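What follows is a set of notes on a single structure, which appears directly below.
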Amino acid sequence: MKKIGRLIELKEGALKPANLGILTTAVKEGHEIFAILMETVTSDIQQQLARYGTDHIVKVVMNRPDWNPARWAQAVVTVLENLDIHILMGMTSAQGKDLLPRIAAILDAPLVMDCVHVDIDEQMAKTSQYSGKTTATFSLIGETILYGMRPNAIAAVVHPTAPHVTEQILDIPEETKLQVIEVLPGKPGTQNLSEADVIVSGGRGLKNAENFKIIFDCANAFGDAAVGASRVAVDEGWAPYAMQVGQTGTKVNPKVYIACGISGSVQHIAGMKTSGLIIAINTDATAAILAHCDYFVIGDLFTILPALTLKLTQL
Amino acid sequence: MKIYVCVKHVPDSAATIAVKEGTEIEEAITFLMNPYDEHALTEACRLKNLLPQAEVIAVCFSKPEAESTLRSALAMGADRGLLITTRHRHDAIMTARVLKKAIDQDGQPDIILTGKESIDSEGMQTMFRLAHLFNMPAATNVVKIETGDGAALVTCEKEAGVRETLKLEMPCVLAAGKDLNTPRYPTFPDIVKSRKKEIRTIELEKINLPEPASRIEMVGLIPAMEKRCPKEITGTTISIAEKLVTILKDEARVI
Ligand SMILES: Cc1cc2nc3c(=O)[nH]c(=O)nc-3n(C[C@H](O)[C@H](O)[C@H](O)COP(=O)(O)OP(=O)(O)OC[C@H]3O[C@@H](n4cnc5c(N)ncnc54)[C@H](O)[C@@H]3O)c2cc1C
Ligand SMILES: Nc1ncnc2c1ncn2[C@@H]1O[C@H](COP(=O)(O)O)[C@@H](O)[C@H]1O
């Protein structure tokens with residue numbers, strides 16, 4: 001039995017749902033799981049972690065708890081050393097992309113990001129390579145091994161435990177070379193694409209910025225779906241870059257991806273091909289996207305999408 | 001003032017990737033500069049124009065054919081190129097060491113720019129490893145850079161449109177995101193002018209680096225499988241909408 005550190009990510013004080021599938025990955029292999037939390041841990045968070053197979057909840061209490069990626073990375077390294085943990089799993093989110101490689105650099109440890117599968121005993125990880133066109137298997141060799149898991153790649157399975165709660169009180173030196181000056185919130189309503197369950201996306205077929213409203217309306221009808229866009233829609237200024245799906249945008253992995261007026265270029269497909277279910281709405285029966293989806297409608301998105309939105313709001 | 005830009009030689013994003021034996025790919029495809037590195041290079045040239053006597057040096061660790069990527073870098077505005085050649089694939093742990101050594105042997109960096117991710121290995125880590133070896137601060141997904149008073153004030157893009165302003169002491173490592181700028185593609189005169197610029201080639205063996213104790217070794221590579229069999233939904237608009245709702249409810253279970 002090995003000790004596995006799980007870097008848990010919160011958003012506005014609550015547990016991000018995508019953490020749970022990553023816990024499941026570790027549970028399946030029957031190891032001792034340490035959930036490492038850098039922020040205030042509410043009893044609600046503790047209960048959720050206990051439901052999904054956490055053996056230890058490690059609350060990190062720092063002399064200066066505010067966000068600073070360099071200090072936080074140093075704090076995680078210290079926790080791993082204090083608890084003699086040599087495997088760390090995190091999430092390939094914006095925060096994970098800022099912390100895991102820093103931790104790997106400090107420890108000179110191997111790291112694979114965006115893993116869709118890991119084998120902890122064999123120290124192997126599978127991830128996409130060459131813009132999603134291939135899947136590579138890596139063998140990680142080193143004293144400490146780091147995995148950045150792709151959000152939503154593994155479905156969470158309930159596994160109740162009674163975690164042991166401990167605190168790690170750390171005095172991490174002030175970071176002089178890197179300071180966080182301010183954090184500017186995104187536009188209200190901008191959803192986080194990489195962890196969304198449902199994404200409704202629009203491309204050139206939308207024709208202008210005003211028409212994007214019908215994409216937003218449909219996303220709202222789902223409750224909390226996110227809105228995505230092709231690069232053309234972003235380049236035209238109809239949607240912000242934060243919404244771009246694809247190789248040079250965000251790589252997404254929702255349960256459902258609805259592509260409206262998107263032709264299905266290789267660069268777009270590279271960013272959404274691992275989605276659970278893909279639905280395409282396109283007027284062109286020869287569009288490439290139709291070969292990369294589960295269901296397609298050959299038709300005008302301006303009639304099909306509002307009809308779907310209406311049906312969803314009537315549920 | 002020396003600005004180093006790490007540029008990776010990667011398969012064209014539109015190229016078909018065919019897996020040969022083992023973990024090798026068919027290399028008779030177009031290779032280009034990694035898209036995010038184009039943003040890094042464009043930014044380096046912009047900073048050069050603001051700072052007196054600045055020099056932009058593009059650095060690449062790759063096979064000898066990567067000279068073409070360095071030539072593009074020179075045409076886009078870099079002053080010189082450094083190519084460290086190898087015949088093998090190397091992980092980010094080794095790559096960072098090689099880039100460090102090559103830069104160290106060349107000069108003293110004030111800023112090192114990289115891309116936030118390479119589109120072939122999708123590693124998202126070389127810049128942080130490089131920064132750690134240099135004991136420099138680092139930031140990723142940088143979309144705005146201002147320099148002054150020995151520091152860089154940068155804006156980084158997080159998720160869902162959230163942005164963060166960081167202040168990094170110089171020298172520092174900054175990894176470019178797509179919103180940093182619009183790459184400046186060279187004109188014909190730029191290309192002609194760049195032919196006179198120097199590319200120094202160094203063989204990996206000559207820089208004498210010990211094998212790192214940790215490794216990320218690729219042991220398998222397969223084409224990504226497409227397991228979908230697309231089905232058409234037909235009917236009147238109303239019935240199509242109803243069928244979609246049924247799929248979303250019963251098959252995808254998202255509503
Ligand atoms: C280095 C590089 C990186 C790139 N990265 C990305 C990336 O990250 N993401 C990305 O998306 N692209 C990326 N691209 C761009 C990509 O090659 C395509 O140009 C882009 O994806 C096309 O966008 P689109 O599908 O919206 O437009 P188009 O290809 O023009 O397709 C529009 C589609 O809308 C359909 N349509 C039109 N009207 C209607 C209607 N009324 N109802 C229904 N359907 C309709 C048309 O039939 C067509 O299929 C990249 C390109 C390069 C070179
Ligand atoms: N072999 C290389 N030569 C030059 N730069 C590289 C190389 N590998 C990675 N880089 C730089 O590091 C960034 C991140 O790469 P990666 O960690 O592979 O995602 C890239 O955008 C490049 O700027």
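Note that the structure is predicted; figures quoted are calculated from it, not measured.
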Item to check | Main-chain N/O of A:Y130 paired to B:D120 side chain as donor or acceptor, under 3.5 Å | outcome: no

Checklist outcome for this item: Of the listed A:P254, A:S93, A:C293, A:A242, the one with the largest count of heavy-atom pairs under 4.5 Å with chain B is A:C293

In terms of heavy-atom proximity below 4.5 Å to chain B, should [X] be classed as side chain, backbone, both, or neither?
| X | value |
| --- | --- |
| A:A291 | backbone |
| A:K273 | both |
| A:M124 | side chain |
| A:I278 | both |
| A:Q244 | side chain |
| A:L277 | both |
| A:I106 | both |

Segment of [X] engaging chain A (4.5 angstrom heavy-atom cut-off):
| X | answer |
| --- | --- |
| B:A213 | backbone |
| B:V219 | both |
| B:I240 | side chain |

Checklist entry - Do B:S62 and B:H9 get their side chains close enough for a donor-acceptor pair, meaning under 3.5 Å? => result no

Checklist entry - Hey, are A:N253 and A:T274 close enough side-chain-wise for a donor-acceptor pair under 3.5 Å? => result yes

Item to check | B:K63 to B:F31, cation-pi by 6.0 Å centre distance and 45° axis angle | outcome: yes

Checklist entry - So is B:K100 actually on top of B:F134's ring, under 6.0 Å and inside 45° of the axis? => result yes

Checklist outcome for this item: Residues passing the salt bridge (Lys or Arg N to Asp or Glu O under 4.0 Å) test with A:R71, sequence neighbours excluded, are none

Checklist entry - Taking only residues two or more places apart in sequence or in another chain, which ones pass salt bridge (Lys or Arg N to Asp or Glu O under 4.0 Å) with A:K133? => result none

Checklist entry - How close do B:T42 and B:E38 get, heavy atom to heavy atom, and via which atoms? => result OG1-O, 2.7 Å

